[in-house]
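Input: a single structure, listed below in structure tokens.
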Amino acid sequence: MSDLMTAAFPPSFLWGAATSAYQIEGAVREDGRTPSIWDTFSHTPGKTAGGDSGDIAVDHYHRFRDDVALMADLGLTAYRFSVSWSRVQPTGRGPAVQVGLDFYRRLVDELLSKGIKPAVTLYHWDLPQELEDAGGWPERDTAHRFAEYAQIVGEALGDRVEHWITLNEPWCSAFLGYASGVHAPGRTDPAASLKAAHHLNLAHGLGASALRSVMPARNEVALSLNSSVVRPLSPGNAEDLAAVRKIDDLANGVFHGPILKGAYPQTLLAATSSLTDWSFVLDGDLRSINQPLDALGLNYYTPTLVSAADAEPRGPRSDGHGASAHSPWPGADDVAFHQTPGERTEMGWTIDPTGLHELIMRYAEEAPGLPLYVTENGAAYDDKPDADGRVHDPERIAYLHGHLCAVRRAMADGADVRGYYLWSLLDNFEWAYGYEKRFGAVYVDYATLARTPKSSAIWYGRAARTGTLPEVGTA
Ligand code: IFM
């Protein structure tokens, strides 16, 4: 066994789990909450597996104290959750509903009373439907509405929450929501998706400033990107390398260009010029977006393998983002996506911890000195209770072990990684896949909503308590 596999993580390292509001809360019609785009989308026939919706989800809204107790029993030290915008600001504008904010105040207080650090994500894909009706993310005003909402939540929770994330995975909001349409609001307009991406960037920048204007300076403001590790099918082939460049711009550069460097990559502007002239980027926008960050969140599941789209397809194709006749990659019809070889999870995503190491090292180099968190990482498996009601998930333990080793290796290589949030605390509503895919460390029986920690939860809890990775096969 290599020394790194047994090397301790620093005592300050956060051992967390992550969730999001629409995926777990339920209670969609309670206490003044209004529909978000995901309520509308999931109630549109044919949009989610089995017609599933988050109406009840795992009823966390009513069971949050039990869920916090579960985390405390396991030994977790951090919890990342998101706020439902339409629970706090039902029309997406104007004054807040206090009862909505009170739910999050109670949740935060419960976490703090158990010694668990809360990390708040302001936007995890559930735009108030009223704002979509007014144009959604392709409409500039949505970014200003987000800043107003950020200020409201910052005022309410900024005294007790240190860790803040403006947006979760804006790539999914922009490109799965407005280009391929497999996510809410289900639009299939490539030009609108690029506008949406810019307005999400602007929302991040304006939201970060709004948070800072009302919160103590010690609080950390970050955002979570599902940055892709893009690899060529044939590393020696110049056309495949050009395909990597294009997808890297559309997956990564479109966000970290303006956010970290204050500019969109020229290669991105050129590759999308037949769709848009980017005239929606107004004077001053890039300055607003390029706010200094206190930390960066990385969400990682699997690498992306691409080639030039040859007339003769080279092997099976898949970009892992669901079936749609419309591509989530605007301007990249000349790129083909391939299945990375190797073992896969239930999502069909290849397991490759080297990608996580690569991603962390890339950010450590591109944004030197910026603290990093893995804000999501995990795997879906077809978990089932055994005759005694226990849920054994050795594959998930192996997945977590491999990826946590990659994190530890990146730290040994000099990256400043401060924490890891397993996705997800509980089995939950996996968007277009409904409840078919189970990502939880805790099993949820959807008939009774009873929670049972899987063996991976016990294993991960041991890691959290000891600061070292238990051997696989010990839970
Ligand atoms: O469930 C999602 C989460 O909401 C965002 N990141 C990826 C997860 C797994 O698909």
Side-chain angles (χ1 to χ4, degrees), residues 16-26 36-39 41-42 48-49 52-54 57-58 60 79-85 119-127 165-177 180 182-184 200 222-229 251-252 255 296-304 318-324 328 344-352 355-356 359 373-383 395-396 399-400 403 420-442 444 456:
T19 62
S20 86
Y22 190 70
Q23 292 179 275
I24 64 164
E25 283 181 4
S36 74
I37 54 175
W38 267 97
D39 294 272
F41 189 76
S42 61
T48 63
D52 289 348
S53 76
V58 297
H60 172 77
Y79 176 52
R80 171 178 175 240
F81 63 93
S82 80
V83 173
S84 154
W85 187 344
V120 167
T121 304
L122 288 169
Y123 185 71
H124 197 124
W125 308 353
D126 45 358
L127 188 70
I165 290 155
T166 52
L167 308 176
N168 181 67
E169 301 182 355
W171 184 86
C172 298
S173 302
F175 299 111
L176 300 181
S180 74
V182 299
H183 277 191
L200 282 152
L223 95 161
S224 290
L225 296 173
N226 55 322
S227 301
S228 297
V229 174
N252 305 320
F255 300 108
L296 187 64
L298 308 179
N299 296 357
Y300 172 82
Y301 292 87
T302 189
T304 302
S318 159
D319 75 350
H321 292 296
S324 168
R344 300 189 216 153
T345 68
E346 196 61 21
M347 294 296 281
W349 296 346
T350 305
I351 303 165
D352 186 350
L356 181 55
L359 191 63
Y373 293 86
V374 176
T375 40
E376 280 184 31
N377 176 240
Y381 286 106
D382 186 17
D383 308 306
E395 308 90 343
R396 185 172 289 101
Y399 183 100
L400 296 176
H403 286 79
Y420 173 94
Y421 293 84
L422 172 162
W423 184 271
S424 180
L425 176 66
L426 301 153
D427 289 336
N428 61 45
F429 175 74
E430 178 53 25
W431 308 111
Y433 296 93
Y435 295 95
E436 265 179 11
K437 308 287 180 206
R438 292 180 177 270
F439 272 95
V442 174
V444 178
S456 60

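Just so you know, ligand 1 is whichever comes first in the structure, and atom 1 is the first atom listed for that ligand.
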Practice prompt. Classify the angle between the aromatic ring planes of F439 and W349 as parallel (below 30°), tilted (30 to 60°) or perpendicular (above 60°).
Written response: tilted
Can you pull every nitrogen or oxygen pair between ligand 1 and the protein closer than 3.5 angstrom?
{"unit_1": "ligand 1", "atom_1": "1 (O)", "unit_2": "Q23", "atom_2": "NE2", "d": "3.0"}
{"unit_1": "ligand 1", "atom_1": "1 (O)", "unit_2": "W423", "atom_2": "NE1", "d": "3.2"}
{"unit_1": "ligand 1", "atom_1": "1 (O)", "unit_2": "E430", "atom_2": "OE1", "d": "2.6"}
{"unit_1": "ligand 1", "atom_1": "4 (O)", "unit_2": "Q23", "atom_2": "OE1", "d": "2.8"}
{"unit_1": "ligand 1", "atom_1": "4 (O)", "unit_2": "H124", "atom_2": "NE2", "d": "2.8"}
{"unit_1": "ligand 1", "atom_1": "4 (O)", "unit_2": "W431", "atom_2": "NE1", "d": "2.8"}
{"unit_1": "ligand 1", "atom_1": "6 (N)", "unit_2": "E169", "atom_2": "OE1", "d": "3.1"}
{"unit_1": "ligand 1", "atom_1": "6 (N)", "unit_2": "E169", "atom_2": "OE2", "d": "2.9"}
{"unit_1": "ligand 1", "atom_1": "6 (N)", "unit_2": "E376", "atom_2": "OE1", "d": "2.5"}
{"unit_1": "ligand 1", "atom_1": "10 (O)", "unit_2": "E430", "atom_2": "OE2", "d": "2.5"}

Worksheet item: Are E376 and R80 ion-paired here, with the side-chain N under 4.0 Å from a carboxylate O?
Response: yes
Worksheet item: Is it true that the side chains of N377 and Y399 contain a donor and an acceptor less than 3.5 Å apart?
Response: yes
Response to the item:
When every non-hydrogen atom of E25 is compared with those of A57, the smallest separation belongs to N-CB, 4.1 Å
Worksheet entry | Trace of the side-chain contact (heavy atoms from CB on, under 4.5 Å) decision for V58 with F429 | CA-CA 8 Å; V58 297; F429 175 74; over 6 Å; no
Worksheet item: Out of curiosity, W171 CH2 to L200 CG, how far, rounded to the nearest 0.5 Å?
Response: 13.0 Å
